[in-house]
Amino acid sequence: MLDQGYPADRIDTGTAHSARVYDYILGGKDHYAVDREAGDAMCREWPALPVHMRANRKFMHRAARYLAQEEGIGQFLDIGTGLPTSPNLHEVVQGIRPDARAVYVDNDPIVLTHARTLLTGSAEGRTAYVDADMRDPEAIIGSAEFQELLDLRKPVGLMIIGILHFMLPPEDHSLVRRLLEPLPAGSFVAMTIGTADFAPREVNRVADEYASRGMPMKLRTRAEAEAFFAGMDLVAPGLTQVHHWRPDADQEEVDDRDIAMYGAVARKTA
């Protein structure tokens, strides 16, 4: 594990972190014993959790590919990057547009250290990494990396994947609006939003496990999820469980009860 470049009090290896738990459940190697213990406990409560997390990741791939290929988006802002798991956002979009740019944001110094080490863009494109929290949109927008890499005269693809359930009311809608406000009309947002609509007993037990480790979350109904896209134009098929959003032809069959995430892509019109 790499941790150079940050003060010791910012490297917390004794408390589970959502990004490292996610990495562990997806089969990565950048986690600690406390993250493995948390992930194992969550999977005991809901054995479908790895299926759910893979589906969330694949939604990001498809949404990014759609934005780069179908909408011509060439610059992206990824909130809550998580530990690098190939293919990453910039790999997807630079495979379509080699000149695409991506700004990654996370507040875990271990995530950022790995990102800076492992995530490198194409020769034509660029990547940058911002040490910031979604709860402080102004720090993200005002960062030197954001200001240098993203041209706000052109549309931006805002990716909020697998993190919104950790943003609690009453600030949750404000945080999304404040990230969207500086982006020009014609920009897009891709979001995944945690829900207990399809397996309430199991998913709520997973949420309790997160909360017991200092990671409280808000699981949202379909109506609550749709409210985040108010005033924007949803891309067909609209808000769906993530595995139903423009699935690939060879996508594996997944039981709806195994997916606890809504997903959608929407265009900012003004």
Side-chain angles (χ1 to χ4, degrees), residues 52-82 87-97 99-105 134 137 150-165 167 172-173 175-195 197-198 220-252 254 256 259-270:
H52 156 82
M53 287 185 169
R54 287 195 298 271
N56 179 69
R57 185 78 180 170
K58 290 175 182 176
F59 169 88
M60 185 275 284
H61 295 157
R62 297 194 305 277
R65 190 166 64 236
Y66 168 81
L67 291 176
Q69 196 161 46
E70 304 297 327
E71 300 292 350
I73 300 298
Q75 46 184 6
F76 292 82
L77 176 62
D78 184 13
I79 306 295
T81 299
N88 292 285
L89 171 65
H90 74 279
E91 294 172 308
V92 174
V93 299
Q94 289 177 357
I96 298 163
R97 296 190 51 148
D99 64 341
R101 298 180 170 200
V103 174
Y104 291 104
V105 179
M134 183 177 171
L150 302 187
D151 181 353
L152 292 184
R153 295 170 298 180
K154 300 175 183 178
V156 174
L158 172 62
M159 314 296 285
I160 305 176
I161 307 296
I163 189 173
L164 195 58
H165 44 280
M167 303 297 118
D172 47 355
H173 283 267
L175 294 174
V176 174
R177 285 196 306 270
R178 285 153 60 196
L179 286 166
L180 277 167
E181 279 170 359
L183 307 185
S187 294
F188 288 82
V189 60
M191 275 193 284
T192 62
I193 301 170
T195 183
D197 283 357
F198 302 95
R220 295 176 172 90
T221 65
R222 180 182 180 87
E224 289 171 328
E226 285 179 329
F228 283 95
F229 300 95
M232 293 183 281
D233 290 340
L234 284 166
V235 171
L239 182 77
T240 68
Q241 282 179 283
V242 288
H243 62 304
H244 290 312
W245 195 90
R246 296 177 175 254
D248 293 325
D250 59 351
Q251 183 164 298
E252 63 179 320
V254 176
D256 286 355
I259 305 298
M261 199 79 83
Y262 286 116
V265 175
R267 181 196 302 267
K268 181 181 177 184
T269 57

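In what follows, every heavy atom counts, from backbone to side chain, and hydrogens, waters and symmetry copies are set aside.
For the pairing with Asp172, the side chain to side chain contact (heavy atoms under 4.5 Å, CB included) check across Met167, Glu224, Met134, Arg177 returns one residue only, Met167.
Residues Ile193 and Phe229 form a side-chain contact, since some pair of their non-hydrogen atoms from C-beta on lies under 4.5 Å apart. At least one side-chain heavy atom of Met159 sits under 4.5 Å from a side-chain heavy atom of Leu67. Between Leu180 and Met232, the closest side-chain pair of non-hydrogen atoms falls below 4.5 Å. You'll find the side chain of Val176 reaches within 4.5 Å of the side chain of Met191, heavy atoms only. Between Leu183 and Val189, every side-chain heavy-atom pair lies at or beyond the 4.5 Å cut-off. Side-chain contact between Met53 and Asn56 is absent, with no heavy-atom pair separated by less than 4.5 Å. Residues Glu71 and Tyr66 are in side-chain contact: their nearest non-hydrogen atoms beyond the backbone lie under 4.5 Å apart. Looking at Ile259 and Phe198, their side chains never come closer than 4.5 Å, going by heavy atoms from C-beta outward.
Between Glu226 and Arg222, at least one side-chain nitrogen of the basic residue sits less than 4.0 Å from a carboxylate oxygen of the acidic one, meeting the salt-bridge criterion. Of the charged side-chain nitrogens involved, at least one lies within less than 4.0 Å of a carboxylate oxygen, so that Lys58 and Glu252 count as a salt-bridged pair.
When all heavy atoms are compared, the tightest approach of Ala190 to Phe59 is CB-CE2, 4.5 Å. Summarising the geometry of Pro155 relative to Ser187, their closest heavy-atom pair is CA-OG, 3.5 Å, with the distance given to 0.1 Å. Counting all heavy atoms, side chain and backbone alike, Ile163 lies closest to Gly80 at CD1-CA, 3.8 Å. What you find for Val265 and Ala63 is that their closest heavy atoms are CG2-CB, 3.8 Å.
Remark: side-chain polar atoms of Arg62 are paired, donor with acceptor, to backbone N or O of Arg246 under 3.5 angstrom. Between the Gln69 side chain and the Ile96 main chain, no donor and acceptor come within less than 3.5 Å of each other. Panel note: side chain Thr195, backbone Thr221; no donor-acceptor pair is recorded below 3.5 Å. Checked by atom type and distance alone, the side chain of Gln75 never pairs as donor or acceptor with a backbone atom of Val156 at under 3.5 Å. In terms of modelled atom types and a separation under 3.5 Å, the side chain of His61 and the main chain of Val92 share no donor-acceptor contact.
Leu175 contributes atom CG, which lies 5.5 Å from atom CZ of Arg178 (distance to the nearest 0.5 angstrom). Rounded to the nearest 0.5 angstrom, Thr240 OG1 and Trp245 CH2 are separated by 8.5 Å. Atom NE2 of His90 is separated from atom CZ of Arg97 by 16.0 Å, given to the nearest 0.5 angstrom. With values rounded to the nearest 0.5 angstrom, Leu158 atom CG is found 5.5 Å from Leu77 atom CG. With rounding to the nearest 0.5 angstrom, the CE atom of Met261 is 4.0 Å from the NE2 atom of His52. Taking CG of Leu164 as the start and CD1 of Ile79 as the end, the distance is 11.5 Å to the nearest 0.5 Å.
Defined by atom type and a distance below 3.5 Å, a donor-acceptor pair is present between the side-chain atoms of His244 and Asp256.
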- Go through the steps to decide whether Asp197 and Tyr262 satisfy the test side chain to side chain donor-acceptor pair (under 3.5 Å), and finish with yes or no. CA-CA 10 Å; Asp197 283 357; Tyr262 286 116; 2.6 Å; yes
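Between His173 and Phe228, the distance separating the two ring centers is shorter than 6.0 angstrom.
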